[in-house]
A.B. asks: 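Could you have a look at this structure, given as structure tokens, before my questions?
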Amino acid sequence: VGTMGSGASTERPLASGKQVLEAARSASSGTKDLKLTGMRLTALPNELAVQAALLRGVDLSWNNLEAFPEALFLLVSMETLDLSHNRLAQLAASETKIARKAKPSSISAAYTIRLGGSGLIRLTKISLAFNRLKAFPKILAEMPALHTADLSGNPIPEIASSELNDAAALSSLGLGHREVGPELLYALREWEKLETLDLTNSGLGAFDPSL
């Protein structure tokens with residue numbers, strides 16, 4: 001396992017915007033999975049959502065992204081997203097363009113794009129591991145289909161119970177490689193859907209869930 005933000009680099013990207021779009025179009029018409037890992041990318045072209053709207057899986061791990069790429073909000077078919085090992089310090093609330101109460105199956109791709117909505121309503125799995133997040137990303141609560149999130153290796157000092165309650169629909173959560181206290185675990189006991197909790201290298205001592 002790498003260190004926090006270890007995917008970051010000051011070198012030039014290995015792929016131009018044109019090359020990214022070509023790879024995305026190819027994936028959209030083929031496997032539906034786009035893998036651009038370790039390309040030193042700092043941004044994504046805005047045309048991505050229009051030219052590759054059928055992508056279901058996007059892997060942008062080990063790049064130099066400092067902000068959540070806005071183009072991702074319009075990938076209306078996206079189900080999995082890997083942004084691990086980047087430089088993300090926050091997920092700006094102003095970019096949260098998600099239909100909060102809409103069911104994933106109730107909104108067509110064309111309708112979603114026309115309203116400036118977000119493909120994240122269909123996202124089921126996201127990895128934000130080993131970035132620079134200093135707060136629990138509230139945007140997770142705005143993803144109605146999301147069931148798996150990995151926040152391991154981020155310098156989040158503590159997580160308020162109110163933030164946890166907002167994301168209580170998750171069934172799998174990764175919080176490893178950071179200090180975790182028993183108070184957090186007591187709060188997580190209220191998550192009725194939580195099945196998997198990854199606390200690898202969390203520094204947590206013995207914990208009695210019956211207390």
Side-chain angles (χ1 to χ4, degrees), residues 1-24 27 33-53 55 57-76 78-98 116-121 123-143 146 148-160 163 166-167 173-179 198:
V1 178
T3 57
M4 189 185 339
S6 57
S9 167
T10 58
E11 299 179 74
R12 295 180 60 183
L14 295 177
S16 65
K18 181 179 180 180
Q19 291 171 321
V20 168
L21 288 177
E22 290 176 351
D33 291 321
L34 176 63
K35 187 171 184 177
L36 294 172
T37 182
M39 302 299 290
R40 301 199 291 263
L41 299 175
T42 57
L44 294 179
N46 292 330
E47 300 89 344
L48 181 68
V50 176
Q51 299 191 29
L55 290 174
V58 177
D59 185 349
L60 294 168
S61 59
W62 295 95
N63 280 292
N64 296 348
L65 298 170
E66 297 184 357
F68 196 101
E70 292 190 14
L72 296 179
F73 283 110
L74 291 177
L75 289 179
V76 298
M78 186 168 59
E79 298 174 0
T80 63
L81 175 60
D82 189 345
L83 287 168
S84 62
H85 295 276
N86 274 279
R87 296 175 171 181
L88 300 174
Q90 63 178 348
L91 303 184
S94 62
E95 296 174 354
T96 308
K97 306 172 182 177
I98 302 168
S118 170
L120 300 185
I121 60 172
L123 194 69
T124 62
K125 183 177 181 180
I126 187 170
S127 176
L128 297 167
F130 296 97
N131 274 277
R132 300 176 180 179
L133 298 175
K134 295 182 179 180
F136 190 88
K138 296 182 179 180
I139 191 175
L140 299 184
E142 307 294 336
M143 304 175 186
L146 191 69
T148 300
D150 189 358
L151 301 175
S152 299
N154 281 284
I156 304 174
E158 56 185 54
I159 302 175
E163 295 173 324
D166 288 339
L173 178 63
L175 291 174
H177 302 279
R178 60 179 296 277
E179 290 297 319
D198 184 355

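Throughout, numbering of the chain's residues begins at 1 and tracks the sequence. Source: prediction; values computed, not measured.
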A.B. asks: Look at the side chain of N131 and the backbone N and O of N86, then say whether any donor-acceptor pair between them is shorter than 3.5 Å.
C.D. replies: yes
A.B. asks: Residues in side chain to side chain contact (heavy atoms under 4.5 Å, CB included) with T148, at least two apart?
C.D. replies: K125, S172
A.B. asks: Of L36, D82, L81, T80, which is the lone residue that meets side chain to side chain contact (heavy atoms under 4.5 Å, CB included) with V58?
C.D. replies: L81
A.B. asks: For the residue pair F68 and F73, categorise the inter-ring angle as parallel (less than 30°), tilted (30 to 60°) or perpendicular (more than 60°).
C.D. replies: tilted
A.B. asks: Got a second to check how far N46's CG is from L74's CG, nearest 0.5 Å?
C.D. replies: 9.0 Å
A.B. asks: Can you confirm whether L48 sits close enough to L21 that some side-chain heavy atom of one is under 4.5 Å from a side-chain heavy atom of the other?
C.D. replies: yes
A.B. asks: Looking at CE of M143 and OG1 of T124, how far apart are the two atoms once the value is rounded to the nearest 0.5 Å?
C.D. replies: 11.0 Å
A.B. asks: Working to the nearest 0.5 Å, report the span between CG of L83 and CG of N63.
C.D. replies: 9.0 Å
A.B. asks: If you take all heavy atoms of A52 and L75, which pair is closest and at what distance?
C.D. replies: O-CD2, 3.4 Å
A.B. asks: How far does NE2 of H177 sit from CG of D198, to the nearest 0.5 angstrom?
C.D. replies: 7.0 Å
A.B. asks: Might you point out which heavy atoms bring A71 and P45 nearest each other, and give the distance in Å?
C.D. replies: CB-O, 3.7 Å
A.B. asks: Which residues pass the salt bridge (charged side-chain N to carboxylate O under 4.0 Å, His left out) test with E66, not counting sequence neighbours?
C.D. replies: R87
A.B. asks: Could you list the residues that satisfy side-chain hydrogen bond (donor to acceptor under 3.5 Å, both in side chains) with S61, not counting sequence neighbours?
C.D. replies: T37, D59
A.B. asks: Mind checking whether L120 and I126 have side chains closer than 4.5 Å, heavy atoms only?
C.D. replies: no
A.B. asks: Taking the side chain as every heavy atom from C-beta outward, state whether N154 and L88 have any pair of such atoms under 4.5 Å apart.
C.D. replies: no
A.B. asks: How long is the straight-line distance from CG of L65 back to OG1 of T42, given to the nearest 0.5 Å?
C.D. replies: 7.5 Å
A.B. asks: For the CG atom of L55 and the CE atom of M78, what is their distance to the nearest 0.5 Å?
C.D. replies: 8.5 Å
A.B. asks: Answer yes or no: is there a side-chain heavy-atom contact under 4.5 Å between S84 and D150?
C.D. replies: no
A.B. asks: Considering non-hydrogen atoms only, spot the tightest contact between A27 and D33 and give its length.
C.D. replies: CB-O, 3.3 Å
